[in-house]
Every structure is written in structure tokens, then in C-alpha cells.
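What follows is a single structure, written as C-alpha cells, with notes after it.
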Amino acid sequence: MRSSERGLITRHPGNPILTPDDVPYPVETVHNAGAVRHGDEIVLLFRAHRRSGRSVLGLARSRDGISFTVDPAPLLEPARESPFREYEEFGVEDPRITALEGRYWITYSAYSRHGVRIALARTTDFRRVERVALISQADMRNVALFPERIGGRYARLDRPHSEIAPWSIWISFSPDLVHWGDARRIIAPAPYHWDEMKVGPGAPPVRTDQGWLVIYHGVFRTMDGAVYRLGAALLDLEDPTKVIGVADDWILAPEDPWELTGYVHNVVFTCGAVEEPGGILRLYWGGADQVICTGTARIDDLVGLCVARPRPALGGA
Ligand code: BMA
């Protein structure tokens with residue numbers, strides 16, 4: 001039975017809600033968006049490929065979380081100033097937004113001849129953005145900040161590359177959002193499973209009564225290339241190095257035509273979600289790396305899946 005048939009995530013009937021045609025500057029794609037509630041708006045900070053193949057980050061605003069208007073120019077393009085310039089030469093990708101202590105913090109992938117690393121930027125109004133620091137070495141992707149300090153420290157999930165271990169979700173901590181350490185691997189791909197090739201954090205963790213809800217992406221390698229799906233996991237509120245459960249099943253898989261084919265086929269990939277009244281999570285995901293889709297799920301159902309049907313968090317290699 002497919003996830004949509006079980007009704008865990010209800011796709012919006014108007015999907016895809018954002019396509020390259022909605023962007024008032026030339027782009028090939030509009031996908032993988034960080035999402036946050038800002039006043040009475042929902043903003044999406046999305047990745048868009050230029051014709052060159054390099055990505056910029058554009059902004060879209062909405063009152064209802066469904067109909068978005070895209071700003072006239074990208075919010076973040078590869079930096080011109082040092083030290084970011086050298087590390088953003090090949091583009092900026094896959095932003096996550098976390099509201100934390102009165103500011104919006106943006107973590108994004110900075111690509112260059114040196115590899116991929118993570119940069120941190122901040123804003124209060126989504127009009128002016130200030131780059132803060134490069135907060136990882138290469139090769140690191142998918143950094144999602146927790147929306148509050150835990151035990152006095154900032155916390156993040158990330159996904160380093162590895163030639164030895166399967167690519168896994170790690171957690172680390174910081175006194176200042178810039179210097180990170182005390183890193184631990186917490187969720188690994190499960191062998192011969194839908195996420196066996198790699199797993200990485202998606203939207204920033206969502207606080208629930210039962211724990212931190214993490215929506216992650218898991219990748220399966222087939223003869224026809226990789227399939228990107230989404231899964232859910234639950235971490236302990238006080239000590240998120242402890243995994244309460246990783247749901248055995250995926251929660252979203254490519255099914256709609258614009259998820260099955262596009263810039264990269266067979267991809268659903270998330271960088272952002274927002275909570276709605278009544279215990280609902282509105283998720284945004286990129287379809288086939290070309291368009292943006294949305295859907296909702298009951299937070300209790302997602303949490304329930306992590307607890308009721310878990311698989312070993314580090315059961316893999
Ligand atoms: C990952 C990233 C994502 C992308 C996904 C599927 O490695 O590049 O931005 O959505 O691949 O192509």
C-alpha cells in the first residue's frame with residue numbers, strides 16, 4: 001500500500017504549487033525549499049538552477065501556504081565577498097530555515113572546487129540577509145538547526161559524506177552556532193531497505209510532546225538510478241542523541257507525474273515544513289528537482305509511525 005493511500009500525507013490537489021514559470025527571472029527549476037512562518041506570511045526559500053547548472057536561492061511569499069508570489073530577484077546568489085566567495089563559486093543549494101531567538105537562521109550548501117560545505121546566514125525580514133560564517137568543512141550537506149537550545153547548547157543535524165560508512169545522519173552541538181563539535185552518528189541507512197544508500201536530514205526538527213520529529217530523506221539505488229523518498233524519526237527531547245524510533249516505512253515516495261519525471265527523476269526531497277493549527281504539519285517538497293509540492297500530515301500520525309513500527313536506528317553498517 002502506498003503512503004498516499006494510507007492517508008498519512010495528504011497531497012494538495014493543486015500540486016505542483018510552484019514551477020519555474022512562476023519565477024520572474026530565468027530558472028530551470030524551483031525546488032527544495034526551506035519554509036517558515038514570518039508574521040502572517042509563509043515564506044519559502046527555494047533552490048533554483050540557472051541555465052549554467054549552478055543554483056541560486058529565491059524567495060516566495062504566501063498568506064495561505066499554497067499560493068505563492070516570487071520576489072523579483074533571488075535572495076541569495078553566490079557570494080562576492082570573502083571568505084564566502086571562494087566556497088560558493090559553483091552555487092548555493094538546499095536551504096533550511098530555523099526561527100531561533102528572534103532571528104531566522106539559514107543553513108545552505110555552498111559548492112565550489114573545494115567540495116560542498118555549509119554556510120550560515122541570518123535575517124529578520126527576508127529582505128536583507130547577512131552571511132555569518134562557513135560552519136563546516138567539506139564534505140557536508142543537509143544541515144538543519146534545532147529551533148531551540150538543548151542543555152544550553154545549539155544543536156544541528158547534518159550528513160557528512162563517507163567512503164567507509166554509509167552516508168548517515170549525525171548530530172552535533174555548538175556554543176555559538178559557528179563552532180560545532182561533540183558529533184555523533186545517530187541514524188544510519190538500513191541494509192536492503194528503502195533508505196539503504198544514504199539518509200540525510202530534511203526539515204528542521206519539530207518539537208512534539210513525545211520528542212523531536214525529524215523528516216529525513218532516504219535513498220535507494222536501482223538499475224534506473226536513485227529513488228529519493230521521505231521518512232520520519234523521533235529523537236528524545238532532552239537528549240536528541242537518543243533515537244526513540246525510526247519509522248520502518250517511508251512517509252512519501254515519488255508518485256505524481258512531476259515527482260516521477262523532471263530535472264532528476266524519482267525524487268521527493270524536503271528542506272522545510274511549517275506547523276498549522278490542530279496538530280498538522282504542512283510539508284513542502286521538491287518534485288523531481290524541478291517543482292515544489294505541498295501536503296499535510298497529522299503530527300500524531302507521524303510520531304505514532306516512528307514508535308509503532310520502528311527499525312534499528314544504527315542497525316546498518
Ligand atoms: C541530492 C541533492 C538534492 C537533490 C537530490 C536529488 O544529492 O543534490 O538537492 O534534490 O540529490 O537529485
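Order of appearance sets the numbers: ligands from 1, and atoms from 1 within every ligand.
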- Item | Cation over ring face, Arg229 and Trp194, 6.0 Å, 45° | no
- Message: Are any of the N/O atoms on Asp94, whether in the backbone or the side chain, positioned under 3.5 angstrom from an N/O atom of ligand 1?
- Response: yes
- Query: Of all the non-hydrogen atoms in the protein, which one sits nearest to atom 6 (C) of ligand 1, and at what distance?
  - Reply: Asp289 OD2, 3.4 Å
- List the closest protein heavy-atom neighbour of atom 8 (O) of ligand 1: residue, atom name, distance to the nearest 0.1 Å. Arg47 NH1, 3.6 Å
- Query: N/O to N/O below 3.5 Å, does that happen between Glu93 and ligand 1?
  - Reply: no
- Message: Given 3.5 Å as the limit, does a donor-acceptor pair link the side chain of Thr98 with the main chain of Leu100, or not?
- Response: no
- Task: Give the numbers and elements of all ligand 1 atoms closer than 4.0 Å to a heavy atom of Phe269.
- Result: 3 (C), 10 (O)
- Backbone of Val143 reached by a side-chain donor or acceptor of Thr107 within 3.5 Å: yes
- Query: Atoms of ligand 1 less than 4.0 Å from Val264 heavy atoms?
  - Reply: 12 (O)
- When you check the side-chain N and O atoms of Glu259 and Tyr228, is any donor under 3.5 Å from an acceptor? no
- Message: Measuring from non-hydrogen atoms of His217 to any atom of ligand 1, is the shortest distance under 4.0 Å?
- Response: no
- Closest protein heavy atom (residue, atom, distance) for atom 2 (C) of ligand 1: Arg141 NH2, 3.2 Å
- Message: Tell me if the CZ atom of Arg221 is crowded by more than 12 foreign heavy atoms within 6.0 Å.
- Response: no
- Query: Under the 3.5 angstrom rule, does the side chain of Asp301 hit a backbone N or O of Gly304 as a donor-acceptor pair?
  - Reply: no
- If you scan protein heavy atoms around atom 1 (C) of ligand 1, the nearest is Tyr228 OH, 3.4 Å
- Message: Using 0.5 Å steps for rounding, measure from the CG atom of Leu59 to the CZ atom of Phe46.
- Response: 7.5 Å
